[in-house]
Amino acid sequence: MDWDSLFFNTATLIAGVSVLDYGADKFIDHTVIVGQRLGISPTLISLLTAGAEYEELAVVVAAILQGHTPLALGNVMGSSISNILGAFSLGLLCHPGNNPFDSSAKIYSALQFFITTLFIILAYFHQLNRVTGGLLIALFALYIISIGFAIYRGISEPPQLSDSESDSDDESIDVGYEPTLGQDAGQSASESSPLLGHTDVDQKKKRPSRPLYYHVLQLIFGLLALSLSGYILAHSAGAIADSLNLSGTVFGLTVIAFVTTLPEKLIAMLSGFRGQGGIIVATTAGSNIFLLTLCVGVVAVAGNPLDGSDTFVLFDLVTVWVSSLSLVVVVFLGPHRIAGLVLLAAYVGFLVMEFTIYRR
């Protein structure tokens, strides 16, 4: 074993987590502001940004070019499981549970369940070929068009913040103040000392707010940081797995899937602490739709044959479908920490079984 390579890639993994934390925090703050300015739900914005699995697509393309189709497909399936049983469950555990999910969240969670069911049918009957792959890519294009149409028509619901919180959040971040996880930004802007009266508040209200393009650029910058961290984490984890001599599909289903979905896990946790249930669902549902349409479509169009000794088993397909159904049930019933705990325990059980009973 090359110990120097193992230690170097472990250090790189830790550095990638730091970039991940920075990017997720910036992304969440400015996603809310852009949604408030445009009157669009953060759910739809997150579908177009955090819901796009760029790091997963990079891993899939790299694996296909190297002839590792089982790794690519295992990564897609493992990531779809991790997004729900891992990221979504953590978001539920951090969520206060007092706000139900909006209609946009329900629509897109149901859509991801339909797409997941379609993928399961195609995979079970071995129908992932160039034709069905092209259809999945076309379905992804229709999905993007539907989001654009929803934004254009303004059918989304307003953000899940009160008017006072909306105004104060906008001002607090515009003037350079960033609220902490345990502190509401509206308190810092609206609560003033009795000795000062309303003078300090009035001065804050007179300060010009930053233009919309500034927050859009900051949102994109946070997303780029997330993508960079996913790239770093995926490559360092791959090198670690090579050093430990792990196998193809199990490696994709577990290690790579866990590492590349760390951005979704962190976004879900931060969104949960801030009561942004729409962002939690959008990140989860959008990521799975991206994975099971575009990424699976790319794998199918590539046409590389699967190695029968190193491919997915029925247990993997069942886990993907059941986790997708769990997301729909929780979204329609409402957030609850017990549900988050059950899903997280199921994810731990899935990882244990992959490394023991169903290892290749």
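Everything numeric in this text was worked out from a predicted model, so none of it was measured.
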- Each residue besides Met269 in its hydrophobic cluster should be listed here, by chain and number; the cluster joins Ile, Leu, Val, Met, Phe, Trp and Tyr at side-chain heavy-atom distances under 4.5 Å. Leu90, Leu93, Leu341, Leu344

- Does CG belonging to Leu142 count more than 12 external heavy atoms closer than 6.0 Å? yes

- Query: So is Lys265 actually on top of Phe258's ring, under 6.0 Å and inside 45° of the axis?
  - Reply: yes

- Which pair of non-hydrogen atoms, one from Gly272 and one from Pro96, has the smallest distance, and what is that distance? O-CD, 3.3 Å

- Message: Return the CG to CZ distance between Leu92 and Phe88, rounded to the nearest 0.5 Å.
- Response: 4.0 Å

- Check: Glu354 side chain, Leu253 main-chain N or O, donor-acceptor pair, under 3.5 Å: no

- Query: Taking the side chain as C-beta and beyond, is there a heavy-atom pair between Ile121 and Thr117 under 4.5 Å?
  - Reply: yes

- Got a sec, which residues hit side-chain contact (heavy atoms from CB on, under 4.5 Å) with Leu224, two or more places apart in sequence or on another chain? Ile220

- Message: Is it the case that the side chain of Ser324 and the backbone of Val320 share a donor-acceptor pair, with hydrogens and angles ignored and the cut-off at 3.5 Å?
- Response: no

- Message: Count I, L, V, M, F, W, Y as connected when their side-chain heavy atoms are under 4.5 Å apart, and connections chain through other members. Are Phe8 and Val19 then in the same cluster?
- Response: no

- Message: Tell me the closest heavy-atom pair linking Ala72 and Ile64, and the distance in Å.
- Response: CB-CG1, 4.3 Å

- Query: Got a second to check how far Asn83's CG is from Ile289's CD1, nearest 0.5 Å?
  - Reply: 11.5 Å

- Considering all heavy atoms, the nearest Val330-Ala339 contact: CG2-CB, 4.1 Å

- Message: Using the side-chain contact (heavy atoms from CB on, under 4.5 Å) definition, which of the options Val322, Thr284, Val328 pairs with Ile84?
- Response: Thr284

- Within a reach of under 6.0 Å around CZ of Phe315, are more than 12 heavy atoms found that belong to other residues, nucleotides or ligands? yes

- In this structure, are over 12 heavy atoms from other groups packed under 6.0 Å from Phe332 atom CZ? yes

- Val298 and Ile144: same hydrophobic cluster, using ILVMFWY side-chain contacts below 4.5 Å? yes

- Message: Would the distance check show the side chain of Ser287 and the main-chain N or O of Thr283 forming a donor-acceptor pair, the cut-off being under 3.5 Å?
- Response: yes

- Message: Any heavy-atom pair between the side chains of Met77 and Leu317 that's under 4.5 Å?
- Response: yes

- Item | Side-chain heavy-atom pair Gln112, Leu292 within 4.5 angstrom cut-off | no

- What pair of heavy atoms forms the shortest contact from Gly78 to Ala257, and how long is it? C-CB, 3.3 Å

- Ignoring hydrogens and geometry, is there a side-chain-to-backbone donor-acceptor pair from Arg337 to His95 under 3.5 Å? yes

- Do any N or O atoms from the side chain of Asn288 and from the backbone of Ser80 form a donor-acceptor pair under 3.5 angstrom? yes

- Query: Counting only N and O atoms by type, is there a donor-acceptor contact under 3.5 Å from the side chain of Gln127 to the main-chain atoms of Phe125?
  - Reply: yes

- Would you say the side chain of Tyr347 lies within less than 4.5 Å of the side chain of Ser89, judging by non-hydrogen atoms? no

- If the plane angle is over 60° it's perpendicular, under 30° parallel, otherwise tilted; pick one for Tyr143 and Phe140. tilted

- Measure the OH-CD1 distance between Tyr214 and Ile33 for me, rounded to the nearest 0.5 Å. 8.5 Å

- Message: Are Leu343 and Ser326 packed together at the side-chain level, in the sense that at least one heavy-atom pair is separated by less than 4.5 angstrom?
- Response: yes

- Is the shortest heavy-atom distance from the side chain of Val296 to the side chain of Leu291 under 4.5 Å? no

- Message: Testing the basics here: between Val281 and Ser109, what is the closest heavy-atom pair and its distance to 0.1 Å?
- Response: CG1-CB, 4.3 Å

- Within a strict 4.5 Å, meaning less than it, do heavy atoms of the Thr293 and Ile137 side chains meet? no

- Query: With side chains defined as the heavy atoms from C-beta onward, is the minimum distance between Leu136 and Phe119 less than 4.5 Å?
  - Reply: no

- Do the side chains of Leu327 and Val318 join up, straight or via other hydrophobic residues, at under 4.5 Å, putting them in one cluster? yes

- Message: Could you walk me through whether Val352 and Ile357 satisfy the side-chain contact (heavy atoms from CB on, under 4.5 Å) test, starting with their C-alpha distance in whole Å, then the side-chain angles of each, then the deciding distance to 0.1 Å, before giving a yes or no?
- Response: CA-CA 8 Å; Val352 171; Ile357 299 177; over 6 Å; no

- Query: Got a second to check how far Ile81's CD1 is from Ser323's OG, nearest 0.5 Å?
  - Reply: 5.5 Å

- Note on the structure: Those residues at least two apart in sequence (or on a different chain) that pass ring-ring contact (aromatic ring centres under 6.0 Å, His included) with Phe113 are Trp321

- Message: Quick check: closest heavy atoms across Cys295 and Val76, and the distance to 0.1 Å?
- Response: CB-CG2, 3.9 Å

- Message: Hydrophobic clustering (ILVMFWY, side-chain heavy atoms < 4.5 Å, transitive) - are Leu325 and Val331 grouped together?
- Response: yes

- Query: To the nearest 0.5 Å, how far apart are OG1 in Thr319 and CG in Leu314?
  - Reply: 9.0 Å

- Counting N and O atoms only, with roles assigned by atom type, does the side chain of Ser82 sit under 3.5 Å from a partner on the main chain of Ser79, one being a donor and the other an acceptor? no

- Message: Check for me, please, whether Ile120 and Ile115 land in the same ILVMFWY cluster - side-chain distances under 4.5 Å, paths through other members count.
- Response: yes

